[in-house]
Amino acid sequence: MLGATAIEDKLQLEVPKTIQMLKKAGIKIWILTGDKIETAVNIGYSCGLLTDDLNLVYLIDDKFNVIKDKLRRYAASLGDRRQKDNSIGLIIDGKALVHCLSLECQADFLDLALSCRSVICCRATPKNKAQIVEFVKHSTNAVTLAIGDGANDVSMIQAAHVGVGIYGREGTQALS
């Protein structure tokens, strides 16, 4: 072996417990992160947002027509279970997210995302994060809450009905 390296992206204390309490309160939780897919999925499992009983659906592609077709197929397959709690976890990357938020795909994306028990958006830019919050805020009657600890979370926090900037490992940027 020439060399090896390991990086541990640990959750802050009490995050898994807090997420479980929020879920028990009926709050739907979406993770919006700049992390790569593998890291985000591992964090999803470690905080209890993803579980072994969920069927994971991946929307990962940079081609508009591919994403549009997948969204339509997934949304159609839900039938009368649309926008109800299903044992589905949606994993979506930033490139696919751009297409999902386009006017042509928004309705199917919303149907699918609101039908999932968990949603994780990976490789999301600060702009993507704010766009998702704005989209959910204006497309549903839900009150949005955004919690973040870094400069890349500020626009998302500002877009939400309730924004919480916390002092964390990434510093105090989100507190501004």
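In what follows, residues are counted from 1 in the order of the sequence shown.
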- Item | Within one Ile-Leu-Val-Met-Phe-Trp-Tyr cluster: Ile37 and Val98, side-chain cutoff 4.5 Å | no
- Message: So does Ser115 get a backbone contact from the side chain of Asn86, meaning a donor-acceptor N/O pair under 3.5 Å?
- Response: yes
- How many angstroms lie between atom CG of Asp52 and atom CG of Leu50, to the nearest 0.5 angstrom? 9.5 Å
- Item | Intermediate values then yes/no, side-chain contact (heavy atoms from CB on, under 4.5 Å), Tyr74 and Lys70 | CA-CA 6 Å; Tyr74 287 134; Lys70 282 184 178 183; 4.1 Å; yes
- Message: Between Asp111 and Gln83 (side chain of the first, backbone of the second, donor and acceptor by atom type, cut-off under 3.5 Å), is there such a pair?
- Response: no
- Query: Which is it for Ile157 and Val164 under the side-chain contact (heavy atoms from CB on, under 4.5 Å) test, yes or no, and what are the steps along the way?
  - Reply: CA-CA 6 Å; Ile157 291 169; Val164 178; over 6 Å; no
- Item | Rounded distance (nearest 0.5 Å) linking atom NZ of Lys23 with atom OG of Ser118 | 5.5 Å
- Between CD1 of Ile31 and SG of Cys121, what distance do you get to the nearest 0.5 Å? 9.5 Å
- Item | Check: Thr144 side chain, Lys137 main-chain N or O, donor-acceptor pair, under 3.5 Å | no
- Item | Reference residue Leu32; test side chain to side chain contact (heavy atoms under 4.5 Å, CB included); the match among Ile132, Asn152, Leu97, Ile120 | Ile132
- Pick out which of Cys100, Cys105, Ser139 makes a side chain to side chain contact (heavy atoms under 4.5 Å, CB included) with Leu110. Ser139
- Message: Evaluate Asp69 against Arg73 for side-chain contact (heavy atoms from CB on, under 4.5 Å), listing each step before the verdict.
- Response: CA-CA 6 Å; Asp69 291 342; Arg73 275 196 320 261; 4.2 Å; yes
- Task: Report yes if the side chains of Trp30 and Ile92 come closer than 4.5 Å at any heavy-atom pair, otherwise no.
- Result: no
- Charged N to carboxylate O below 4.0 Å: is that the case for Asp53 and Arg117? yes
- Message: Any side-chain to backbone donor/acceptor pair from Arg82 onto Ala75? Under 3.5 Å, distance only.
- Response: yes
- When rounded to the nearest 0.5 angstrom, what distance separates CZ in Arg72 from CD in Glu104? 6.0 Å
- Query: Which is it for Ser87 and Asn55 under the side-chain contact (heavy atoms from CB on, under 4.5 Å) test, yes or no, and what are the steps along the way?
  - Reply: CA-CA 6 Å; Ser87 294; Asn55 176 28; 5.9 Å; no
- Task: Verify the neighbour count for atom NZ of Lys68: are there more than 12 heavy atoms of other residues, nucleotides or ligands below 6.0 Å?
- Result: yes
- Note on the structure: The reported gap from CG in Asp108 to CG in Leu78 (rounded to nearest 0.5 angstrom) is 10.0 Å
- Message: I'd like to know if the side chain of His99 and the backbone of Asp62 have a donor-acceptor N/O pair within less than 3.5 Å.
- Response: yes
- Message: Show, in sequence, the C-alpha distance, side-chain angles and deciding distance for Asn42 and Thr39, and conclude whether the side-chain hydrogen bond (donor to acceptor under 3.5 Å, both in side chains) test is met.
- Response: CA-CA 5 Å; Asn42 286 332; Thr39 304; 5.9 Å; no
- Query: Applying the 4.5 Å side-chain criterion to the ILVMFWY set and letting contacts propagate, would Ile27 and Val15 be lumped into a single cluster?
  - Reply: yes
- Message: If hydrophobic clusters are built by linking Ile, Leu, Val, Met, Phe, Trp and Tyr wherever their side-chain heavy atoms come under 4.5 Å apart, do Val66 and Leu71 end up in the same one?
- Response: no
- Query: Using 4.0 Å as the upper bound for N to carboxylate O, is an ion pair formed by Lys129 and Asp153?
  - Reply: yes
- Out of curiosity, Tyr45 OH to Thr51 OG1, how far, rounded to the nearest 0.5 Å? 7.5 Å
- Item | Residue pair Ile67 / Ala96: nearest heavy atoms and the distance that separates them | CD1-CB, 3.5 Å
- N/O donor-acceptor pair under 3.5 Å between Thr33 side chain and Cys122 backbone: no
- Item | Carboxylate-amine/guanidinium contact Arg123 Asp93, below 4.0 Å | no
- Note on the structure: Residues Met156 and Val133: closest non-hydrogen pair is CG-CG2, 3.6 Å
- Verify the cluster assignment for Ile19 and Leu56: are they in a single hydrophobic cluster under the rule of side-chain heavy atoms below 4.5 Å apart? yes
